[in-house]
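A short worksheet on the structure shown next.
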Amino acid sequence: MIEQKQRVLAWTLLLVDLALTAGSFFLAYAVRSRIEMEGYIVMPVGVYIWLLALMLPIWAFLLPAFGVYRTRFLSLKDQLVQLSKGIAFAWLIVAALLFFLDDEATSRSIAILTLVINYALLVGYRLILFASRRRTPAGRRHVAVIGDGAEAADFVRRLDRHAEWGLEPTGVFALEQAREVLERGGIDDMIFVVDRERLDSCEELFLLCEELGVTARIVLNLFGHSIARMELHELDGVPLLTFSTTPSDEFLLLIRRAMDIVFSVFLIVTTLPVMLIAALSIRATSSGPVLFRQKRSGLHGRPFVMYKFRSMTDDAEQRRVEMEAINEMDGPVFKSSHDPRITSVGKFLRRFSIDELPQLYNVLVGDMSLVGPRPPLPEEVQRYERWQRRRLSMKPGITCLWQISGRNQVGFDEWMRLDLNYIDNWSLLLDLKILLKTVPVVLLGKGAR
């Protein structure tokens, strides 16, 4: 019920935001058409309607990507913060597009007015919405919190802070008072904030709630998880309590996979001349295959074959043991900026990360993602400490925080922590930031040397 309310509110916000965005365009046009500027004539509204057609899909994609409609971010403060970030980024995109377009045909003044009015309307709507929800008790569910100690009191304070959830706490009651509270009536929900040792004694109260048609809920702080998120799912009628430390929003993950496919196809097409030149250069300057195939550990350690342009001599794998003396990395990985196995062409390919381009195929088929922890060798994984293995809980990627943070200058443990930080804080926006920061790293030749 609570989750459904949050989901309904999120979808309502999205639809209203898009409607207000459309309204801001027409309002901006009306305002601009009444302002006379020498030498400039405002064309009919149909001439500028393409601007609205551009804004709506950008807003519909970016605002959800910035977490504006996530059910966990529906407090007024979080709404305004996330909304401001999303709108600011959307402004940058629109401004970049308008920069390359003719002012006579687009009327930048209409665009600017639209953006300003749009932000004012979206913020104003939220202020009115949340103020009215706090003042209007109608439709709110009355909740009795059952429990002793600070946990129960803290839960009530949490309900008070989130009036948008539509729950009205009637008080905190001891477990012994629960039956009396139920029989007195007027309660829609009874929430139990009790230790797991006392859950067995609540069974009779759960049955009474069922008999009276009162919704019973349990606060499941039963285990000492510090980072795992808890979710309740149902599998063919069987309830499953789920603990997960990886992203679980299927909609956002679907968008991520769609982005992987679109961008990998785009990059394969646009970099095809570069890849052909690289292949011919490798073939002409050294013996051996153009592509280097290597078994890597993917999601949760499942093996897959990763592809790269060969940047080393053909016998590089056989000579790896003798290279340990020049290893510049701590931990179970091997990295060296003076590896004699690297060919002259390979040095150039590595410097500008051209050798990584065949991994776009791995992204396209789903073994990898554009952004994610770099895929390790299986023998490296065998030497991981237990906490380091959690980096395998997300699909590996071509680029990651380590790639843009100094690579060989970052110690192995810090590398692992960067990957875990990425997993714990993953978002579409974070992926976009990493991709944007990867561009100068590649173009300026800051890749592996």
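These figures come from a predicted structure and were not determined experimentally. Heavy atoms only: backbone and side chains are in, while hydrogens, waters and symmetry mates are out.
A donor-acceptor pair under 3.5 Å is formed between the side chain of Arg310 and the backbone N or O of Pro289. Thr170 places a side-chain N or O within donor-acceptor distance of the main-chain N or O of Val143, the cut-off being under 3.5 Å. Within the 3.5 Å criterion, the main-chain N or O of Ile398 finds a donor-acceptor partner in the side chain of Gln403. When atom types are taken as modelled, the side chain of Glu414 and the backbone of Gly411 share no donor-acceptor pair closer than 3.5 angstrom. Under the 3.5 Å distance criterion, the side-chain polar atoms of Asn425 are matched with a main-chain donor or acceptor of Asn421. In terms of modelled atom types and a separation under 3.5 Å, the side chain of Thr271 and the main chain of Val274 share no donor-acceptor contact. Between the side chain of Gln177 and the main chain of Ala174, a donor-acceptor pair closer than 3.5 Å is present.
Below 30°, between 30° and 60°, or above 60°: for Trp415 and Trp402 the angle between ring planes is below 30°, a parallel geometry.
Side-chain atoms of Asp189 and Arg217, non-hydrogen and from C-beta on, do get closer than 4.5 Å to each other. Residues Asp339 and Ile342 form a side-chain contact, since some pair of their non-hydrogen atoms from C-beta on lies under 4.5 Å apart. A 4.5 Å side-chain heavy-atom check between Phe304 and Met306 finds at least one atom pair inside the cut-off. At least one side-chain heavy atom of Val193 sits less than 4.5 Å from a side-chain heavy atom of Glu151. In this structure the side chain of Asp367 never reaches within 4.5 angstrom of the side chain of Leu299, judged on heavy atoms. Within the 4.5 Å cutoff, the side chain of Thr215 has heavy atoms near those of the Arg141 side chain. The shortest side-chain heavy-atom distance between Ser297 and Arg302 does not fall under the 4.5 Å cut-off.
Taking the six-membered ring for Trp, Phe89 and Phe66 have ring centres closer than 6.0 Å.
Residues Ser311 and Arg350 have side chains that bring a donor and an acceptor to within less than 3.5 angstrom of each other. Tyr119 and Ser84 are linked by a side-chain donor-acceptor pair at a separation below 3.5 angstrom, with hydrogens and angles left out of the test. At a cut-off of 3.5 Å, with distance as the only test, a side-chain donor of Asp431 or Tyr422 sits close to an acceptor on the other residue.
Between Glu176 and Arg198 a salt bridge is recorded (basic side-chain N to carboxylate O distance below 4.0 Å). Taking the charged nitrogens against the carboxylate oxygens, Asp17 and Arg126 do have a contact shorter than 4.0 Å, which makes a salt bridge. Salt-bridge formation is detected for the pair Asp424/Arg390: a Lys NZ or Arg NE/NH1/NH2 atom is positioned less than 4.0 Å from an Asp or Glu carboxylate oxygen. With salt bridges taken as basic N to acidic carboxylate O contacts below 4.0 Å, one links Arg391 and Asp419. Between Arg374 and Glu356 there is a salt bridge, since a side-chain N of the basic residue sits under 4.0 Å from a carboxylate O of the acidic one. Remark: Arg256 does not engage Asp260 in a salt bridge, criterion side-chain N to carboxylate O under 4.0 Å.
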| said: Determine whether Gln294 and Arg296 satisfy the following criterion, side-chain hydrogen bond (donor to acceptor under 3.5 Å, both in side chains), listing intermediate values before the conclusion. | reply: CA-CA 6 Å; Gln294 190 176 50; Arg296 294 293 182 106; 2.8 Å; yes
| task | Before giving the answer on side-chain contact (heavy atoms from CB on, under 4.5 Å), spell out for His300 and Leu392 the whole-Å C-alpha distance, their side-chain angles and the decisive distance to 0.1 Å. | result | CA-CA 5 Å; His300 292 295; Leu392 301 175; 5.5 Å; no
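In the displayed structure, Glu379 atom CD is contacted under 6.0 Å by more than 12 heavy atoms of other residues, nucleotides or ligands. Within 6.0 Å of the CZ atom in Arg257, the count of heavy atoms belonging to other residues, nucleotides or ligands exceeds 12. In Tyr361, the OH atom is not crowded: 12 or fewer heavy atoms of neighbouring residues, nucleotides or ligands sit closer than 6.0 Å.
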